[in-house]
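Reading through the structure tokens given below for one structure.
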Amino acid sequence: MPRRKQSTHAWVYLIWGLNGFAILSILAFSALYRTSFRASAADGGTPTARPGETRQIPPTSYFLPTLTPNPFYTPPVFETPTPFVLPRGLRPAVIGFSLAGRPIEVYTFGDGEKEYLIVAGIHGGYEGNTIALANELITYLDENPEVISGDVTLYIIRNMNPDAEARSNDVDGRVNNNGVDLNRNFPSSNWTADWDRDGCWIYRPTTGGAYAGSEPETRSVMSFIGSHKIIAMISYHSAALGVFPGGVPWEEPSKRLAKALSKATGYSYPPVDTGCEYTGTLADWAVENRVGAAVDMELSTHKYTDFKENLKALKVLLSFEP
Ligand SMILES: [Zn+2]
């Protein structure tokens, strides 16, 4: 019995020994094979640089990336919603961009030291006739430069809210792309994000902005006004309520400008009181920030430009002394 047990053990050792030898042989063979493969590849390869040689690197352009167009890049399209081009080639300057990247343009007439400003389109396509009026005034002044006397500079921002104009010519085209009423976004002393809607425009939801001066359109106009010494300005609206002087409460020079404009145009002064409280307006902010006099002036309808009346208004504006 013990002998049989011993011989069984011997067989087990022999089989495991043979297995181990076979495995080791395979490993050794594959290791040798791969070593010889690498060695032969290295033998046939290109000679390595000798010590002392330096690689010839071309000058600086060597490390510049190649200019491969990115197939996912869409270039921004800077277009004005209503193409407006003057035949004699006068070009506007761009004072900033809307949320959608549309330019906010200013036309400049004359180069005198007395600076005046007209702003149109603050309420977009909903008051699109103010933009049409600005286009007519710009075309008229381009053809009749003698209207601007030597000591005067007139700036016309023809469309302060181009995204809203591009969106719609109806109630949907009033606020900017953040849903903000730009004429309630200026950081005047009475700015509020929300207000009592009694007597106010209520056809769509809107706010005064996340904070005063939050919108790029607002900041573009603020920085333009801040970099000039504007004597008097008109911010055009429609429709029908009349001429609103700037200031909280209304300031004397702005009341005087409103009265003179009312007399020239027939627009109401004092303006129609609907009970609405206006906050954060461009005109209010302007007179709190070095502008001599400012008004919000409403055309009589949403449709017509009242060009004849507003040519008279232009003459009143350009001769105004605060
Ligand atoms: Zn308006």
Side-chain angles (χ1 to χ4, degrees), residues 84 90-96 103-123 127 130-142 145 147-162 182-183 185-188 213 217-238 243-247 251 253-258 260-261 264-265 267 280-299 305 310-322:
F84 177 70
L90 177 68
R91 299 281 302 147
V94 174
I95 63 166
I104 297 167
E105 301 171 333
V106 63
Y107 283 81
T108 304
F109 299 94
D111 59 357
E113 61 184 26
K114 290 157 70 176
E115 299 176 276
Y116 298 91
L117 173 64
I118 288 173
V119 178
I122 193 170
H123 281 146
E127 298 175 3
T130 67
I131 301 165
L133 170 64
N135 292 348
E136 286 181 8
L137 289 172
I138 289 165
T139 306
Y140 174 82
L141 290 169
D142 187 44
V147 172
I148 306 294
S149 61
D151 58 347
V152 162
T153 302
L154 171 66
Y155 305 104
I156 300 181
I157 297 173
R158 60 174 284 274
N159 184 359
M160 181 183 158
N161 192 357
L182 294 181
N183 203 39
N185 186 238
F186 282 82
S188 62
E217 296 89 350
T218 308
R219 289 199 301 272
S220 300
V221 170
M222 284 168 60
S223 96
F224 180 81
I225 290 175
S227 60
H228 294 86
K229 178 74 193 82
I230 305 293
I231 290 178
M233 64 167 286
I234 299 173
S235 172
Y236 272 107
H237 291 258
S238 60
V243 194
F244 295 82
E251 291 191 356
S254 297
K255 280 158 80 172
R256 206 152 42 77
L257 176 62
L261 288 169
T265 57
Y267 300 150
T281 71
L282 166 55
D284 288 349
W285 177 85
V287 296
E288 290 171 11
N289 289 273
R290 299 194 316 137
V291 173
V295 298
D296 274 353
M297 185 152 86
E298 300 219 317
L299 306 182
T305 62
N310 284 291
L311 205 51
K312 290 183 203 155
L314 177 67
K315 277 157 195 170
V316 169
L317 176 73
L318 297 183
S319 59
F320 185 79
E321 305 274 354

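For this chain, numbers begin at 1 and follow the sequence in order.
A side chain to side chain contact (heavy atoms under 4.5 Å, CB included) with Asn159 is found for exactly one of Ile122, Val119, Ile131, namely Ile131.
Nearest heavy-atom pair across Asn310 and Thr305 is ND2-O, 3.2 Å. Closest heavy-atom contact between Ala232 and Phe320: CB-CD2, 3.8 Å. Nearest heavy-atom pair, Ile225 versus Arg290, reported as atom, atom and distance to 0.1 Å: O-NH2, 4.4 Å. The heavy-atom pair separating Val295 from Leu261 by the smallest distance is CG2-CD1, 3.6 Å. Among all heavy-atom pairs drawn from Pro162 and Pro103, the shortest one is CG-O, 4.0 Å. For Met233 against Leu257, the heavy-atom pair with the smallest separation is O-CD2, 3.9 Å.
A donor-acceptor pair under 3.5 Å is absent between the side-chain atoms of Thr153 and the main chain of Glu113, judged by distance alone. Remark: side-chain polar atoms of Arg158 are not paired, donor with acceptor, to backbone N or O of Leu137 under 3.5 angstrom. Within the 3.5 Å criterion, the main-chain N or O of Gly121 finds a donor-acceptor partner in the side chain of Thr130. With hydrogens and angles ignored, the 3.5 Å screen pairs no side-chain donor or acceptor of Lys229 with any backbone N or O of Glu115. Between the side chain of Asp284 and the main chain of Gly246, no donor-acceptor pair closer than 3.5 Å is present. Asn185 places no side-chain N or O within donor-acceptor distance of the main-chain N or O of Gly280, the cut-off being under 3.5 Å. Using modelled atom types, no side-chain atom of Ser235 and backbone atom of Asp296 make a donor-acceptor pair closer than 3.5 Å.
For the atom pair His228 NE2 and Thr108 OG1, the distance stands at 7.0 Å (nearest 0.5 Å). In this structure, the separation between CD1 on Ile104 and CD1 on Ile95 is 6.0 Å, given to the nearest 0.5 Å. Residue Ile156 holds its CD1 atom at 7.0 Å from CG of Leu314, rounded to the nearest 0.5 Å. Going from atom CD1 of Ile157 over to atom CG of Leu282 covers 8.5 Å, rounded to the nearest 0.5 Å. To the nearest 0.5 angstrom, Thr265 atom OG1 is 11.5 Å from Glu298 atom CD. Atom CD of Glu321 and atom NZ of Lys114 lie 4.0 Å apart (nearest 0.5 Å).
Counting only heavy atoms from C-beta outward, the side chains of Leu299 and Tyr267 approach each other to under 4.5 Å. Looking at heavy atoms from C-beta onward, Ile138 lies in side-chain contact with Phe84 at the 4.5 angstrom threshold. Proximity of Pro322 to Ile231: side-chain heavy atoms (C-beta onward) are separated by under 4.5 Å at one or more points.
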Inset, instruction - Please test Thr218 against Trp285 for side-chain contact (heavy atoms from CB on, under 4.5 Å), starting from the C-alpha separation and ending with a verdict. - result: CA-CA 11 Å; Thr218 308; Trp285 177 85; over 6 Å; no

Inset, instruction - Go through Phe224 and Leu117 one step at a time and tell me if the side-chain contact (heavy atoms from CB on, under 4.5 Å) criterion holds. - result: CA-CA 10 Å; Phe224 180 81; Leu117 173 64; 4.0 Å; yes

Inset, instruction - Starting from the C-alpha separation in whole Å, work towards a yes-or-no answer on side-chain contact (heavy atoms from CB on, under 4.5 Å) for Phe186 and Asn289. - result: CA-CA 11 Å; Phe186 282 82; Asn289 289 273; over 6 Å; no

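Taking the six-membered ring where the residue is Trp, His237 and His123 present perpendicular rings, their angle passing 60° and hence far from 30°.
The closest side-chain donor-acceptor pair between Asp142 and Tyr107, if any, does not fall under 3.5 angstrom.
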